[in-house]
Amino acid sequence: MTEALVFRRVRAIDPASALDAEVDVVVERGRITRVGRGAADDMTVGDHVRVVEHAGAWLLPGLVDIHAHLREPGAEGKEDVASGLRAAAAGGFVDVCCMPNTRPVNDSRVVTEGLVAKALAVGGVRMHPIGAITMGQKGEQLTEMADLKDAGAVAVSDDGRCVTNSHVMRRALEYAATFDLTLIQHAEDHALTDGAQMHEGAVSTRLGLRGWPRVAEDVIVARDVLLAEYVGARYHVAHVSTLGAARILREAKSRGIAVTAEVTPHHLLLTDQALLGYDTACKVNPPLREAEDVEALRRALVDGTIDCVATDHAPHGVLDKHVEMAEAAPGMIGLELCLPLLLGLVRQGVLPLSRLVEAMTSGPARVVGLEPPRIRDGARADLVLVDPQARWTVDPARLRSKSRNTPFLGHEVQGQIAMTVCEGRVVHE
Ligand SMILES: [Zn+2]
């Protein structure tokens, strides 16, 4: 049995610890015990010491995803806890929060407890359930948030459905604040998006598809910011997709309101033009927007208006996607591709590397109150080793997820997860 894992002469990058240097990092008994130049000089490969030397590699804190759909219980053909956590480990994640829009909905202690037990039995990376805001995600009666939290939920959300009733939303914000649970809103005024299949704009007109206007997101974010300010509660916006929402959030933060937000890799990389070939893999909710939105979201992520990246990993099978646009289920998988895809923005000079690392580690951890993975003496050993030069092609046969619904199949990406370590255990390499 290996008692020590040594990363020798690796570029360790942890903005939260003001660390970006070539160092040795030593892991023993699940914790980081030494970080520093020459820190592992006295350690050699042996029965109990494994030394990892990977020229040019980066060592980052383990990644955190606060928005994934693992489809269990109820749709295990698309994904389950085991496959979802394998995909997460392959993507460099050590913490994954799973959304409650399952069958049954995770609106009770028993479902949350079942998920926690399942994840522990699987034994991969850590999973944290997100409970529903309202019973059955129907937008009416609040869940027993104290029970959900007690059972292991880290946040509440009706993701996939928006809490549209202002009274229910007010009570939900107050109730969640009582139990110190982050409330995550899927911001969509459903009255404005009925039957929508993509972003409302020139492309939807050209394709003859029903549009989902930006304002359906903006009106909810604006209202929620006002409610959060009024009741003095914390508020988080899932998958921000519009320039208007980014502007509202920037203003809210400048006034000291406790709002946070996330953005997905696909909203940072793709526009509604991707739908021109009627590719249902590009149907997501909220929809891919226009170049000016992408521009605004990138700027908001860089300047901290948007706190973090979240994958919105949404697995679907062939039967849900190889159908007409109107019938296709929205969503794409994201756990295994998130970091490699976003490293492209770093190479283009759009996003500083340190900001990307922060937005995938301490940023999301802070939003839901998880212990942020860190690279420093004494920290829990949650690490990801990245080869930033390695080029690889997204091959459906090699994905760990049970589903393949991503428009990036066959694309060449640069940057590969070489190893993921969770609490000192190698969970992927
Ligand atoms: Zn959503």
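Indexing begins at 1, ligand by ligand and atom by atom, following the structure's order.
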Query raised in the report: Just wondering, do Arg171 and Met169 contact through their side chains at under 4.5 Å, heavy atoms?
Result: no
Query - Asp303: which of Arg298, Arg250, Lys253 passes salt bridge (Lys or Arg N to Asp or Glu O under 4.0 Å) - result: Arg250
Query raised in the report: Among all residues two or more places apart in sequence or in another chain, which pass the side-chain contact (heavy atoms from CB on, under 4.5 Å) test with Asp189?
Result: Ala191, Leu192, Ala216, Val219, Ile220
**Report entry** Under 2.8 Å from the Zn ion (ligand 1), the protein N, O or S atoms, given as residue and atom
**Finding:** Asp159 OD1, His186 ND1, His239 NE2
Which pairs would a plain distance check flag for residues 360-367, meaning a side-chain donor or acceptor within less than 3.5 Å of a matching protein atom at least two apart in sequence or in another chain?
from	atom 1	to	atom 2	distance (Å)
Thr361	OG1	Val357	O	2.6

Query - Contacts of Arg11 that satisfy side-chain contact (heavy atoms from CB on, under 4.5 Å) - sequence neighbours left out - result: Ile13, Asp20, Trp58, Leu353
Query raised in the report: What residue among Glu79, Arg71, His67 forms side chain to side chain donor-acceptor pair (under 3.5 Å) with His313?
Result: Glu79
